[in-house]
J.: 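A single structure is presented below for examination.
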Amino acid sequence: MPKCIIDGREVEFKPGEKIIEVAKRVGSVIPYFCYHPGLTVVAQCRMCAVEIEKMPKLQTACSTPATEGMVIHTKSPKTLQNQKATMEFLLINHPLDCPICDKSGECDLQDYSFDHGDAYSRYTEERRTYLDLDMGPVIKKNMNRCIHCTRCIRFGSEIAGIHEMVAVKRGNYTEITTIDGLPLQTGYAGNYADICPTGSLGLKDFRFKKRVWFLKKTPSVCEGCSTGCNLEIHQEDNVIYRCVPRENLEINRYWLCDEGRFNFNYLHDKDRIIHPTLFQDGAGQVSEWKEAFNLSKKTLAVQKTVILVGSDLTQEEGRLLQQFLPEHFPKADVYHFGTPGISSSAQDDSEDQILKRKSKTSNLHGFEKLGFKSFPGFPKGCQAVLVIRGGRAILPDLKGIPAVGLGVFSQSQASSFVAVLPGTAFAEKDGTVMNYQGVEQKLRQAILPPGQCKVLSEILMMWTHQKSSFGAA
Ligand code: SF4
Ligand code: SF4
Ligand code: FES
């Protein structure tokens, strides 16, 4: 392997590797704005410029490949002076917005201003300001904070596959906007907020809700489809405020789709059933667990029962059910369900050639591997159905058959049910899911279940030990 010297240390690098990547690997911090490992390199902010021996001028570390014997100084007086000058330039029009900016606490501009900038500015002119056009339901734009790094423009054309962000006007008047001022079209708009190094593009869903330094972070996996994008759940006091992508170069690289990013909102939906509930004529009534078990067992104590198990459950839950169901419902037909029209992994293609898959549950492939059969429709004479789901699997038409729900349901979904035994959703439990590539990944519990919701193993244990007034189911 060729070697170069960074800040006096001999470092090996792969041919073609850029200085910024080599330096990062060995812990030499080079500040940057326009560079992003998932986007093309444009070398336009000049923040990453470093001194290289035998070169008369500073070179941008994001675009300059390391070469054999190269001697690089990331902390030399010339390098530091450039960083100060670049920060002064970028901040001449930047408002003193940090106290009310959602990016505050995780803003590259704020951090680099503190670490590499100067406390003084020579700028005395009036600052440039913009009127902000709406950018659609996902992103709130604040152009006063923009430093024209163009990451957003490159994300649109290179990753989202839609050239919707553009820079208009020139020089001091440059402005980032959408073509013809249209709302953003991509289903990946949340990534604009992640990659923007300032608070210019923020998530509307997160706006003014929580200062980022209060958030506790749990690494987990998206349950929105069979891709299984890696994400981080950010919560405080048992409330999830946002999900952000976690880098995984084999699966989602640096990105999340909006469907997966905002999927967590149903966990806190006021409509979610979080207590054992009995239904009569579509109206739900909170009950004790005992009554809900009694009515469920009575409903399911018939000759012909179908059990539908959502492929949004984990492998552990699937295995548990494979032990529990034959013992308690020896005559019942058991099937998996999840996405209308996608009954097997063979039908689970890419939905958009970016990340999304057609299966809208995370564990279709795992459930097939466990041996669950797909739901072919209700057999003639079916008298009762037990639906077990994690919250994502899309309910089929129950055709008026008396049904019991176990897991995560909303009032509107369950109004045709007889009883619901409330369970846990993806962020409220640990478990394993298998994505479409056959990769097994871990869901991690980030928050406690609300109300009286319980994990599946606990509900099944209660079911087993609960003495029924109607005899064994
Ligand atoms: S809006 Fe953000 S990402 Fe886009 S150019 Fe401005 S600072 Fe960069
Ligand atoms: S592509 Fe699928 S797994 Fe990835 S974020 Fe979107 S819904 Fe979630
Ligand atoms: S990060 Fe290298 S020039 Fe912007």
Side-chain angles (χ1 to χ4, degrees), residues 18-21 23 30-37 39 41-50 58-64 82-83 86 90 93-94 103 107-109 112 130 132 135 139-156 165-167 174-178 187-188 190-202 220-231 243-246 248 251-264 312 339 348 350-363 392 426 433 435-436 441:
K18 303 288 190 291
I19 294 172
I20 205 166
E21 291 153 1
I30 300 178
Y32 58 87
F33 290 113
C34 66
Y35 170 77
H36 186 287
L39 303 174
V41 173
V42 287
Q44 58 189 50
C45 73
R46 321 312 282 181
M47 188 66 188
C48 71
V50 289
L58 299 184
Q59 301 294 315
T60 48
C62 64
S63 63
T64 309
N82 171 71
Q83 291 168 358
T86 305
L90 291 176
N93 278 307
H94 197 82
K103 197 78 172 184
C107 172
D108 293 345
L109 193 67
Y112 291 160
Y130 297 100
D132 289 335
M135 278 199 160
I139 292 293
K140 176 71 189 168
K141 169 172 112 154
N142 183 325
M143 265 311 103
N144 297 341
R145 300 172 182 159
C146 177
I147 57 166
H148 307 144
C149 70
T150 73
R151 281 189 191 180
C152 53
I153 299 177
R154 282 173 283 146
F155 174 81
M165 287 276 204
V166 286
T174 306
E175 179 179 357
I176 303 292
T177 183
T178 52
Y188 290 78
N191 296 291
Y192 287 122
D194 300 332
I195 59 166
C196 180
T198 73
S200 313
L201 302 175
S220 192
V221 175
C222 176
E223 62 152 3
C225 77
S226 61
T227 301
C229 293
N230 290 206
L231 52 69
C243 288
V244 298
R246 204 157 49 88
N248 184 325
I251 296 176
N252 53 301
R253 303 185 70 219
Y254 310 92
W255 323 117
L256 285 183
C257 78
D258 294 340
E259 188 179 343
R261 181 186 296 267
F262 301 118
N263 170 58
F264 73 88
D312 52 355
T339 314
D348 181 26
S350 169
E351 187 176 291
D352 59 5
Q353 312 304 323
I354 305 174
L355 288 178
K356 290 197 207 183
R357 306 285 299 180
K358 287 189 175 159
S359 168
K360 294 298 161 195
T361 57
S362 58
N363 202 22
R392 238 341 251 190
F426 81 106
V433 289
N435 85 345
Y436 77 98
Q441 304 190 94

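Fair warning: this is a prediction, and the values are worked out from it, not measured in the lab. Note that ligands are numbered from 1 as they come in the structure, with each ligand's atoms numbered from 1 the same way.
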J.: Look at atom 7 (S) of ligand 1 and say which protein heavy atom is nearest, naming residue and atom and giving the distance to 0.1 Å.
T.: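 Atom 7 (S) of ligand 1 sits closest to the protein heavy atom I147 N, 3.5 Å.
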
J.: Which heavy atom in E351 sits nearest to a heavy atom in R357, and how many Å separate them?
T.: OE1-O, 3.6 Å

J.: So, applying side-chain contact (heavy atoms from CB on, under 4.5 Å) with P197, which one of L109, L90, D108 is it?
T.: D108

J.: Between G187, C257, G260, flag the one that comes closest to atom 6 (Fe) of ligand 2 by a heavy atom.
T.: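 Going through G187, C257, G260 one by one, C257 has the nearest heavy atom to atom 6 (Fe) of ligand 2.
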
J.: If you compare all heavy atoms of D194 against all heavy atoms of P245, which two are closest, and at what distance to 0.1 Å?
T.: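 Nearest pair, atom of D194 first, then P245: OD2-CD, 3.1 Å.
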
J.: If the cut-off is 4.0 Å to any non-hydrogen atom of C229, which atoms of ligand 2 fall inside it?
T.: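 Those qualifying, in numeric order: 1 (S), 3 (S), 4 (Fe), 5 (S).
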
J.: Taking T198 for the side chain and R145 for the main chain, is one N or O donor matched with an acceptor at less than 3.5 Å?
T.: yes

J.: If the cut-off is 4.0 Å to any non-hydrogen atom of C222, which atoms of ligand 2 fall inside it?
T.: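 Counting atoms of ligand 2 from 1, those under 4.0 Å from C222 are 3 (S), 5 (S), 7 (S), 8 (Fe).
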
J.: Give the residue and atom name of whichever protein heavy atom lies nearest to atom 4 (Fe) of ligand 1, and the separation in Å to one decimal.
T.: C152 SG, 2.3 Å

J.: Considering non-hydrogen atoms only, spot the tightest contact between N191 and W255 and give its length.
T.: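 For N191 and W255, the tightest heavy-atom pair comes out as OD1-CA, 3.4 Å.
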
J.: Give me the residue, atom name and distance of the protein heavy atom closest to atom 5 (S) of ligand 1.
T.: T150 N, 3.2 Å

J.: Got a second to check how far C196's SG is from K103's NZ, nearest 0.5 Å?
T.: 6.0 Å

J.: Using a strict 4.0 Å cut-off to heavy atoms of Q44, name the atoms of ligand 3 that fall inside it.
T.: 3 (S)

J.: With heavy-atom distances below 4.0 Å as the criterion, list the atoms of ligand 2 near L355.
T.: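 With L355 as reference, the close atoms of ligand 2 come out as 1 (S).
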
J.: Between M165 and ligand 1, which part of the residue brings a heavy atom under 4.0 Å of the ligand: side chain, backbone, both or neither?
T.: neither

J.: If you have a sec, work out which protein heavy atom is nearest atom 2 (Fe) of ligand 1 and how many Å separate them, to one decimal?
T.: C196 SG, 2.4 Å

J.: For M135 and K140, run side chain to side chain contact (heavy atoms under 4.5 Å, CB included): C-alpha distance rounded to whole Å, both residues' side-chain angles, the deciding distance at 0.1 Å, then the answer.
T.: CA-CA 6 Å; M135 278 199 160; K140 176 71 189 168; over 6 Å; no

J.: Taking all non-hydrogen atoms of both residues, which atom of C62 and which atom of I20 are closest, and how far apart?
T.: CA-CG2, 3.8 Å

J.: Of all the atoms in ligand 3, which lie at a distance below 4.0 Å from a heavy atom belonging to C62?
T.: 1 (S), 2 (Fe), 3 (S)

J.: Under 4.0 Å from any heavy atom of T198, which atoms of ligand 1 are there?
T.: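 Answer for ligand 1: 7 (S).
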
J.: If I take atom 4 (Fe) of ligand 3 as the centre, what angle separates the SG atom of C34 from the SG atom of C45? Nearest 10 degrees is fine.
T.: 110°

J.: Short list, please: which atoms of ligand 3 are under 4.0 Å from a heavy atom of C48?
T.: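 Taking each heavy atom of C48 in turn, ligand 3 has 1 (S), 2 (Fe), 3 (S) under 4.0 Å.
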
J.: Please name the pair of heavy atoms, one in R151 and one in I195, separated by the smallest distance, quoted to 0.1 Å.
T.: NH1-O, 2.7 Å

J.: Is the closest heavy-atom distance from L256 to ligand 2 below 4.0 Å?
T.: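 Yes.
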
J.: Could you measure the distance from the OG1 atom of T177 to the CE atom of M143? Nearest 0.5 Å is fine.
T.: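 Going from the OG1 atom of T177 to the CE atom of M143 covers 8.0 Å.
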
J.: Atoms of ligand 1 less than 4.0 Å from L201 heavy atoms?
T.: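 Reading through ligand 1 atom by atom, the close ones are 1 (S).
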
J.: For ligand 1, which atoms have a heavy atom of M143 less than 4.0 angstrom away?
T.: 1 (S)

J.: Drop me the distance from K141's NZ to D132's CG, to the nearest 0.5 angstrom.
T.: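 Going from NZ on K141 over to CG on D132, the span is 5.5 Å.
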
J.: Applying side chain to side chain donor-acceptor pair (under 3.5 Å), run through N435 and Q441 and close with a yes or a no.
T.: CA-CA 8 Å; N435 85 345; Q441 304 190 94; 5.6 Å; no

J.: Can you report which non-hydrogen protein atom sits closest to atom 8 (Fe) of ligand 1, along with the distance?
T.: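 It is C149 SG, 2.3 Å.
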
J.: So which heavy atom on I251 is nearest to which on T227, and how close?
T.: CG2-O, 3.4 Å

J.: By number and element, which atoms of ligand 2 are closer than 4.0 Å to a non-hydrogen atom of K356?
T.: 1 (S)

J.: Near I176, which atoms of ligand 1 are under 4.0 Å from a heavy atom of that residue?
T.: 5 (S)

J.: Find the distance between NE2 (H36) and OG1 (T150) and round it off to the nearest 0.5 Å.
T.: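 Rounded to the nearest 0.5 Å, the NE2-OG1 separation comes to 12.5 Å.
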
J.: At less than 4.0 angstrom from any non-hydrogen atom of Y35, what atoms of ligand 3 do you find?
T.: 1 (S)

J.: Identify, for atom 3 (S) of ligand 3, the protein heavy atom at the shortest distance, and state residue, atom and that distance.
T.: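 For atom 3 (S) of ligand 3, the nearest protein heavy atom is R46 N, 3.2 Å.
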
J.: Any idea which atoms of ligand 3 are less than 4.0 Å away from a heavy-atom of A43?
T.: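 Within the 4.0 Å cut-off of A43, ligand 3 contributes 3 (S).
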
